[in-house]
Structure formats: C-alpha cells, structure tokens
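Below: one structure, written as structure tokens.
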Amino acid sequence: MERDAWRIIETIIRRYPKTKRKYEEYMEEVIMTQQPPETNIFRDAKEEENKPQSVTEAKALKMTSAYAYRNKQEIEAVEFCYNNLRPEEQKVIRERYWTGDGKKPVPYLQITGTKYSERQMKRIVFKMVYQVGKYIGEVK
C-alpha cells in the first residue's frame with residue numbers, strides 16, 4: 001500500500017467521530033429546511049405516482065452535495081469495517097484513533113488493556129486501514 005493512500009485512509013478513520021457528527025448535523029439541517037409539498041387537489045394521477053412518497057424521501061432526493069455524499073461514503077466504510085472486527089480488535093482501533101488529542105494516532109506501546117502484542121496490533125490496524133481503503137476506492 002502506498003504511503004500517501006495510507007495517510008489519507010488513516011486520516012479518514014481518525015476523523016470519523018467528527019465527520020459523523022457534522023454529517024448528522026447537515027442532514028438535520030436539510031430535513032428541517034425542507035418545506036412539506038403543497039397539496040393541490042387538481043394534480044394529475046400520473047404526476048402523483050412519480051412524486052416522492054414522504055418528506056424524507058424528497059429531502060434525500062434533493063441532497064446533491066458531493067461533500068455530503070463523500071462524507072456518507074467514508075462513514076459507511078469506517079462503520080462497516082469496524083463492525084466486522086472482533087470486540088478486542090475494535091478496542092485497539094478505538095484506542096489508536098479515537099482517544100487522545102485526535103491529531104495523531106496513539107502509539108502502539110501506549111495502548112493498554114489489550115492482550116495483543118505490538119505486531120498483532122499493527123496487523124489489526126493494517127487490516128482496518130486496508131479494508132476502509134478498498135471500500136472507498138483508495139486502494140486497488
């Protein structure tokens with residue numbers, strides 16, 4: 001795996017909590033700003049069939065932000081790969097990326113409370129980074 005791709009994917013994993021929070025706020029804003037469609041009794045029946053069935057569906061169809069789409073893809077990738085790990089492995093990922101100051105990953109030797117050696121933790125992190133990279137298309 002190339003070093004640049006590794007850094008990009010690690011940054012995505014490290015920023016996951018903040019990205020998820022921003023995405024949820026964005027979606028709430030989109031949902032709140034959307035006005036419910038006006039009711040008109042003179043609409044054509046075919047026009048009714050093509051309309052979204054709910055306000056949420058209408059808002060989802062109107063969301064065209066490429067930034068929000070990319071955030072959603074990254075969130076799904078991290079969640080999917082993280083949930084496929086065993087609970088002990090999830091703890092390694094949590095401790096490495098989502099604790100501390102959030103600017104740099106926690107060194108392997110500072111991760112406590114796991115039964116894994118440094119080499120095993122590196123393998124777990126590699127597996128996570130590689131799977132997230134495959135999911136979002138950074139790794140071929």
Side-chain angles (χ1 to χ4, degrees):
M1 181 184 297
E2 294 180 20
R3 183 174 288 193
D4 293 336
W6 180 274
R7 286 185 183 155
I8 290 168
I9 298 163
E10 245 189 352
T11 303
I12 289 168
I13 295 170
R14 193 171 49 249
R15 290 182 184 168
Y16 164 75
K18 183 191 278 187
T19 304
K20 184 168 183 171
R21 189 170 47 252
K22 280 184 177 180
Y23 179 75
E24 288 172 350
E25 289 171 1
Y26 173 78
M27 289 307 292
E28 284 179 15
E29 181 182 318
V30 167
I31 290 172
M32 292 306 223
T33 58
Q34 179 70 23
Q35 299 283 333
E38 293 181 20
T39 57
N40 187 353
I41 58 172
F42 299 110
R43 284 190 188 153
D44 192 23
K46 286 186 178 181
E47 185 179 285
E48 285 293 321
E49 290 176 6
N50 295 333
K51 295 279 183 182
Q53 299 299 317
S54 68
V55 175
T56 307
E57 185 180 354
K59 291 171 189 169
L61 291 174
K62 289 197 173 235
M63 189 184 89
T64 58
S65 170
Y67 180 73
Y69 177 75
R70 176 69 180 187
N71 281 345
K72 180 182 176 194
Q73 187 180 27
E74 291 173 0
I75 290 166
E76 287 175 352
V78 172
E79 287 178 350
F80 178 76
C81 297
Y82 179 77
N83 290 332
N84 283 335
L85 297 174
R86 292 191 304 254
E88 302 89 25
E89 295 173 337
Q90 289 178 353
K91 183 173 183 181
V92 171
I93 298 299
R94 252 191 337 267
E95 293 287 323
R96 174 119 170 112
Y97 292 112
W98 302 324
T99 60
D101 62 358
K103 295 181 182 176
K104 291 185 177 179
V106 175
Y108 294 105
L109 295 176
Q110 291 181 5
I111 298 174
T112 58
T114 63
K115 60 184 179 182
Y116 294 116
S117 67
E118 182 179 358
R119 180 176 286 182
Q120 288 171 317
M121 286 190 273
K122 285 182 181 182
R123 288 180 183 150
I124 292 167
V125 168
F126 177 81
K127 183 168 89 171
M128 175 77 174
V129 170
Y130 185 76
Q131 288 176 346
V132 170
K134 290 286 270 185
Y135 194 92
I136 63 172
E138 286 291 331
V139 176
K140 303 283 184 224

- Non-neighbouring partners of Y116 that pass ring-ring contact (aromatic ring centres under 6.0 Å, His included), sequence neighbours left out: none

- Set of residues satisfying ring-ring contact (aromatic ring centres under 6.0 Å, His included) with respect to Y82, sequence neighbours excluded: W98

May I ask you to test the [X]-[Y] pair for a side-chain heavy-atom distance under 4.5 Å?
{"X": "I9", "Y": "V139", "result": "yes"}
{"X": "E76", "Y": "Y135", "result": "yes"}
{"X": "R96", "Y": "Y108", "result": "yes"}

[X]: side chain to side chain donor-acceptor pair (under 3.5 Å) partners, not counting sequence neighbours:
{"X": "R7", "answer": "none"}
{"X": "E79", "answer": "Y16, K20"}
{"X": "E10", "answer": "W6, Y97"}

- Message: Could you report the tightest heavy-atom contact between I111 and V92, atom names first, then the distance?
- Response: CD1-O, 4.1 Å

- Query: A77 and V132: which non-hydrogen atoms are nearest, and at how many Å?
  - Reply: O-CG2, 4.0 Å

Pairwise distance [atom1]([X]) to [atom2]([Y]) - rounded to 0.5 angstrom:
{"X": "N83", "Y": "Q90", "atom1": "CG", "atom2": "CD", "value": "6.0 Å"}
{"X": "I93", "Y": "M128", "atom1": "CD1", "atom2": "CE", "value": "5.5 Å"}
{"X": "N71", "Y": "R15", "atom1": "CG", "atom2": "CZ", "value": "10.0 Å"}

- Task: If a pair satisfies salt bridge (Lys or Arg N to Asp or Glu O under 4.0 Å) and one of its residues is in residues 106-115, list it, with sequence neighbours excluded.
- Result: none

- Message: With salt bridge (Lys or Arg N to Asp or Glu O under 4.0 Å) as the rule and sequence neighbours excluded, what pairs involving residues 131-140 come up?
- Response: R70-E138

- Message: List the residues meeting side-chain contact (heavy atoms from CB on, under 4.5 Å) with Q110, not counting sequence neighbours, and say none if there are none.
- Response: V106, P107

Please tabulate, for the side chains in residues 117-126, all donor-acceptor contacts under 3.5 angstrom to protein atoms that are two or more places apart in sequence or on a different chain.
unit_1 : atom_1 : unit_2 : atom_2 : d
S117   : OG     : Q120   : N      : 3.3
S117   : OG     : Q120   : OE1    : 3.4
Q120   : OE1    : S117   : N      : 2.9

- Message: Looking at K91 and G113, would you say the former's side chain and the latter's main chain have a donor-acceptor pair under 3.5 Å?
- Response: yes

- Item | Partner residues of R86 under the salt bridge (Lys or Arg N to Asp or Glu O under 4.0 Å) criterion, sequence neighbours left out | E88, E89

